[in-house]
Peer 1: 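I am attaching a structure below and will ask some questions about it afterwards.
Computed from heavy atoms alone, side chains included, the values below leave out hydrogens, waters and symmetry copies.
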Amino acid sequence: MAWLLWAWNMGEVILLALANMLPRTRNGDRIRKRLMRLAGVSLDMTMAVSGPTTISPARAAKTIAIGGNSYLGPNTSFGGCAGITIGRFAQIGPNVGFHTVSHSLDFERGKARPSTEKPILIEDHVWIGAGAMIMGGVIIGRGSVVAAGAVVTKDVPPLTLVGGVPAKTIRQIQELEAGSRVLD
């Protein structure tokens with residue numbers, strides 16, 4: 001029975017590896033999404049995946065859900081098995097990391113620190129800039145923006161721009177009426 005579980009997990013590893021070997025072309029991205037779905041990622045086929053994506057461990061693929069019309073930039077990484085949900089119309093820049101696993105500050109001499117896992121929720125219309133890190137237990141509210149390189153360790157309220165290490169509120173964001181545009 002253990003060999004069957006091992007074989008199933010190897011199937012996920014192989015599917016994800018194949019997905020990451022594909023070129024960044026329209027057909028490559030289309031096939032990449034199908035392979036990710038076969039590996040267990042719940043994703044809407046209207047979303048776009050541009051380039052390789054790291055999911056570690058491979059069994060974590062079953063805990064990831066990505067909504068419609070969202071965009072995942074190249075080299076996005078997902079770590080841990082607590083669950084990562086990305087809403088609709090989300091834009092994820094390149095080299096963004098989602099990490100649900102961490103370690104306790106408390107320790108016992110002669111033993112490794114215990115790990116903790118908490119899910120991540122990214123609501124609709126969120127934009128996460130290049131190189132940002134989103135840590136476990138965080139909810140990023142609808143319409144918010146995470147600046148490039150930010151490390152998000154606490155919840156972000158809706159319609160808020162955050163940046164820095166650790167991320168702090170920079171300012172509120174205005175939600176536009178349908179059909180209107182702001183020109184700066």
Peer 1: Donor-acceptor pairs under 3.5 Å, side chain of residues 33-40 to any protein atom, not counting sequence neighbours: which ones?
Peer 2:
| unit_1 | atom_1 | unit_2 | atom_2 | d |
| --- | --- | --- | --- | --- |
| K33 | NZ | M45 | O | 2.8 |
| K33 | NZ | M47 | O | 2.6 |
| R37 | NE | L43 | O | 3.4 |

Peer 1: Could you work out, with side chain to side chain contact (heavy atoms under 4.5 Å, CB included) as the rule, every residue matching E175, not counting sequence neighbours?
Peer 2: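 For E175 the side chain to side chain contact (heavy atoms under 4.5 Å, CB included) partners, ignoring immediate neighbours, are R142, L159.
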Peer 1: Sorted by first residue and then second, give each salt bridge (Lys or Arg N to Asp or Glu O under 4.0 Å) pair with at least one member in residues 71-86; sequence neighbours left out.
Peer 2: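 Qualifying pairs: none.
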Peer 1: Would you please name every residue forming a side chain to side chain donor-acceptor pair (under 3.5 Å) with D124, sequence neighbours left out?
Peer 2: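 Partners of D124 by the side chain to side chain donor-acceptor pair (under 3.5 Å) criterion come out as none, since no residue qualifies.
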Peer 1: Tell me the salt bridge (Lys or Arg N to Asp or Glu O under 4.0 Å) pairs involving residues 74-83, sequence neighbours left out?
Peer 2: none
Peer 1: Not counting sequence neighbours, which residues clear side chain to side chain donor-acceptor pair (under 3.5 Å) with E117? List them please.
Peer 2: T100
Peer 1: N27: which residues meet the side chain to side chain contact (heavy atoms under 4.5 Å, CB included) condition with it, sequence neighbours left out?
Peer 2: T25, R30
Peer 1: I'd like to check I134 versus I128 (side-chain heavy atoms, cut-off strictly below 4.5 Å). Are they in contact?
Peer 2: yes
Peer 1: Let me confirm one number: the OG1-CD1 distance from T160 to I173, rounded to the nearest 0.5 Å.
Peer 2: 6.5 Å
Peer 1: I'd like to check V49 versus Y71 (side-chain heavy atoms, cut-off strictly below 4.5 Å). Are they in contact?
Peer 2: no
Peer 1: What salt bridge (Lys or Arg N to Asp or Glu O under 4.0 Å) pairs are there with at least one residue in residues 65-74, not counting sequence neighbours?
Peer 2: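 Pairs touching residues 65-74 that pass the test: none.
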Peer 1: Under the 4.5 Å side-chain heavy-atom rule for ILVMFWY, direct or indirect, which residues accompany V151?
Peer 2: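 Its cluster mates, by chain and number, are M133, M135, V165.
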Peer 1: Can you give me the closest heavy-atom contact between A150 and V146, atom names plus distance?
Peer 2: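 Smallest interatomic distance, heavy atoms only, reads CB-CG1, 3.7 Å.
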Peer 1: Sequence neighbours left out, what passes side chain to side chain contact (heavy atoms under 4.5 Å, CB included) with S102? Give chain and number order.
Peer 2: T116
Peer 1: Enumerate the salt bridge (Lys or Arg N to Asp or Glu O under 4.0 Å) contacts for residues 146-174, please, sequence neighbours excluded, ordered by first and then second residue.
Peer 2: none
Peer 1: Output a table of donor-acceptor pairs, distance under 3.5 Å, between side-chain atoms of residues 78-89 and any protein atom two or more places apart or on a different chain; print 'none' if there are none.
Peer 2:
none

